[in-house]
Structures are given as structure tokens and as C-alpha cells.
Number of protein chains: 2
Amino acid sequence: MHTQALDLRQRLKAAGLRPTRQRLHIATLLFAKGDRHLTAETLYAEAKNTRYPPSLATIYNALRDFAACGLVREIALYGSRTWYDTKTGPHFHYYVEECDDLFDIPEEHIPKLNVPIPQGMRVAGVDVIIRLEKTSEEPLPLAAE
Amino acid sequence: MHTQALDLRQRLKAAGLRPTRQRLHIATLLFAKGDRHLTAETLYAEAKNTRYPPSLATIYNALRDFAACGLVREIALYGSRTWYDTKTGPHFHYYVEECDDLFDIPEEHIPKLNVPIPQGMRVAGVDVIIRLEKTSEEPLPLAAE
DNA sequence: CTGTGTGCAAACTCTTTGCATAAGT
DNA sequence: ACTTATGCAAAGAGTTTGCACACAG
């Protein structure tokens, strides 16, 4: 745990955020499982299972601060909840409304967008959401249930 | 006004929505000015200047219903407000956070996205947002102010 | 007439904030 | 010590809903 904890401490410092107990805890939850998409509530639910769960407000604040520093990335999406992505590089998403599921478009299929940029502006980010719908009910793998 | 009013009545009917006084009023505001991007509050502000403004709740409900019927299109965006677009065909957007401004990417520059669609799914919609930032303050056209 | 839509206000969801306390440097 | 973050609860924005009344078919 130690090298990772140190690493997170460094990352927070480098981003200009004081590496507090709670922020380290939150960062650990965030980054321990590889790339993920989550909302504040999702993360709070996870944190609740740990020994010293941070408050919900602290999770909201931490995610906002992390996003402002580029440690995570906010995702443009329909609806009222804010989604965050621990993968910050350029990549796009599928979104399945029915299951409120968000997942990456595979790296090799990231389209190259080639649009003109208006005078005096620069691109701060690009979001692509492909909204999906199930065409039919799943062919239930197991009969019953 | 009459042919247009009749047209709207037909469009609502065709969409399966009862063409009530308020919905017709709202549809008129929506579609009278060509393609636009707006939120419920924007539209409510406009409606307030008219003789019989619908209530805010009715505007929210109408926009939600219109979107469900494909008369307008919901836009995926950061933040908590829902934006609607009266242009329903495929096209993408620039978004300038600083001025909360949303505008179309010109038709001829709409990129063709060519990504694989997972088994048993179909594309319900595609949203592309190019988030822009000003690189510098505007070179004020007129000296003073 | 019958059922759906409207208006209002209250409820709800998601997120931020104020203030006293705790913790980082 | 000094400053910034935390926790809680309360406020805030945006949106939806319950209920009585109005209106379209």
C-alpha cells in the first residue's frame, strides 16, 4: 500500500491540493480499480463500506477539486448527475440510458474530429456520447429467474 | 399566423400530443425563430412577455414531452440544466463555458463517426460537444467601454 | 361527458455552502 | 500558529409531482 499511497500524496501535492486524510482515501478508492466512470453517490456508497468513510459533501468537494486539477475528468451527459472519469486522456463514451451505464469506446475506434475552431478560441475538451438502446431483450443466458 | 398555427397543431397531433392552448403557445415560441438552443428557464423568460404565459411547470412538462416525441432534441452537456435543441437532425455543438453559450458546428464540418455498435444495441443518438475557451480577451471592436 | 393537461405550491434530487471543529504544513 | 479541509445540516438550483380545476375530443 505504501508506494501507492506515497504516489497519491505526490499527485495531490503536484496538483496543488493538500493531501488530507480524506482526499487520500477518496483518491485511493478512485484509482485503485483502474479506469472507471462514477458519480459522487457511487463513490459515497463504496466509501461507506470502509472504516472511516468521508462525508458525502467531502466527496462532492473532492471530486470537484480533482476535476479542476485534471486528476479526473467531468463527462458531459444527459440528466442531472455529474459523472466523472478517472481516465483523463482523449476517449469517448457509449451511454445506455436504460441501465444508466456508461462505458468507453475502444481506443482504436476513437474518431478523429476535424472541425474548424472559431477565431480567438481554443479547444478545452471534446465529448462524444453515443447513446445506445437495446434492440431486444437479452436472450437470457440462464432459463429461469 | 394561421397556416403556421395549423401546422403546429398537426405536428403535435402527429406526435401524439393533444394540441392544447399552452402547448401550441410554447411550440410557437420554440419554432418561430428558426433553430435554437434553449433551457426551460430561457423559454419561460420569453413566455413571460406574452399575453398568457404558461406556468414554468407547464414549460418543463411540454419540453420533456416534446423531446420524448422527437419534436425537439435534448442535448448532452455539463452542468445541471437541461438544454433543448429545435434542430433535430444530426449535428454537433460548440460550447463556451465562460458565456454559457452553445452553438452549432457548421453542417459541412460534421464529422462522420464510424464506431462499432455493440451486439443487440442500436444508436439512439449521438452527441458531440467541442468545449471552447477564449484564448485572449476580445480585441474590442470599439475602443472605449 | 371523459380523460388528459394545466397551474400552483410543495416535494424531490443533486450539489454547494456556512459555521464550528479538525487537521495539514 | 496559521490556513485550509471536513462534517453536518441547512440552503440552493433545477426539475418533477399531487391535486383541484380547465379544457380538448
Side-chain angles (χ1 to χ4, degrees), chain A residues 5-6 8-29 37-45 47-48 50-69 71-72 74-84 100 102, chain B residues 5-6 8-29 37-45 47-48 50-69 71-72 74-84 100 102:
Chain A
L6 281 174
L8 287 176
R9 186 175 290 274
Q10 291 316 122
R11 284 180 73 181
L12 289 180
K13 273 188 170 161
L17 294 173
R18 275 213 321 220
T20 62
R21 200 176 300 259
Q22 291 86 342
R23 295 217 266 228
L24 283 167
H25 185 178
I26 292 168
T28 305
L29 288 174
H37 307 106
L38 39 74
T39 65
E41 284 289 352
T42 311
L43 192 53
Y44 184 52
K48 282 247 242 345
T50 64
R51 195 193 286 277
Y52 302 108
S55 75
L56 180 57
T58 296
I59 299 213
Y60 271 105
N61 293 337
L63 284 174
R64 185 179 11 70
D65 297 343
F66 288 5
C69 296
L71 294 176
V72 298
E74 191 176 337
I75 302 172
L77 199 51
Y78 310 91
S80 49
R81 278 164 320 155
T82 304
W83 284 81
Y84 294 96
D100 200 33
L102 188 66
Chain B
L6 280 174
L8 287 176
R9 186 174 289 272
Q10 290 316 121
R11 283 180 75 181
L12 290 181
K13 273 188 170 163
L17 294 174
R18 274 217 315 224
T20 62
R21 199 176 302 255
Q22 290 85 342
R23 296 217 265 229
L24 282 168
H25 186 178
I26 291 169
T28 305
L29 287 175
H37 307 107
L38 38 75
T39 65
E41 284 289 351
T42 310
L43 193 53
Y44 184 53
K48 283 247 245 339
T50 65
R51 195 192 288 276
Y52 303 107
S55 74
L56 180 56
T58 296
I59 299 213
Y60 272 104
N61 292 338
L63 284 174
R64 184 177 15 69
D65 297 343
F66 288 5
C69 296
L71 294 176
V72 297
E74 191 176 339
I75 302 171
L77 200 51
Y78 309 92
S80 49
R81 279 165 318 155
T82 304
W83 284 82
Y84 294 95
D100 199 34
L102 188 66

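Chain A is the first sequence line, chain B the second, and so forth, proteins listed ahead of strands; every chain is numbered from 1.
As a whole-Å value, the separation of A:Leu24 CG from C:dT25 C1' is 14 Å. Between the P atom of C:dT4 and the CG atom of B:Leu12 lies a distance of 17 Å, rounded to the nearest Å. We find that CG of B:Leu63 is positioned 15 Å from C1' of C:dG5, with the value rounded to whole Å. Summarising the geometry, the separation between OH on B:Tyr44 and P on D:dT15 is reported as 14 Å, rounded to the nearest angstrom. At whole-Å resolution of the value, NE2 in A:His25 and P in C:dA23 are 15 Å apart. As rounded to whole Å, 12 Å separates atom C1' of D:dA5 from atom CZ of A:Phe66. Here D:dC8 presents its P atom at 11 Å from CG of A:Leu56, a figure rounded to the nearest Å. A:Arg21 has its CZ atom 14 Å from the C1' atom of C:dT21, to the nearest Å.
With DNA chain D read from its 5' end, the first of the two nearest nucleotides for A:Ser55 and B:Trp83 is the one closest to A:Ser55.
Distances shorter than 4.0 Å separate some side-chain N or O of B:Arg23 from OP1 or OP2 on C:dG5. In this model, the phosphate group of C:dT6 is approached by a side-chain N or O of B:Thr20 to a distance below 4.0 Å at OP1 or OP2. Within the 4.0 Å cut-off from OP1 or OP2 of C:dT25, not a single side-chain nitrogen or oxygen of A:Arg18 is found. At C:dT16, one or more side-chain N or O atoms of A:Arg64 fall inside 4.0 Å of OP1 or OP2 (strictly under the cut-off). In terms of phosphate contacts, B:Thr58 brings no side-chain nitrogen or oxygen within less than 4.0 Å of OP1 or OP2 of C:dT6. For the OP1/OP2 pair of D:dT16 and a distance below 4.0 Å, the side-chain nitrogens and oxygens of B:Tyr60 include no atom meeting the criterion. Put simply, B:Thr82 has a side-chain N or O that comes within less than 4.0 Å of OP1 or OP2 on D:dT15. Regarding contacts with the backbone of C:dG24, every side-chain N or O of A:Gln22 stays at 4.0 angstrom or more from both OP1 and OP2.
One distance of note links CG of A:Leu102 with CD1 of A:Ile75; it measures 4.5 Å at 0.5 Å rounding. Distance check, rounded to the nearest 0.5 Å: OH of A:Tyr60 to OG1 of A:Thr39 gives 7.0 Å.
A:His25 places no side-chain N or O within donor-acceptor distance of the main-chain N or O of A:Pro54, the cut-off being under 3.5 Å. Distance alone, capped at 3.5 Å, is enough to place a donor-acceptor pair between the B:Arg23 side chain and the B:Arg18 backbone.
Side chains of B:Leu71 and B:Leu12 form a contact here, defined as non-hydrogen atoms less than 4.5 Å apart.
At the heavy-atom level, A:Arg81 lies under 4.0 Å from the strands shown only through sugar-phosphate atoms.
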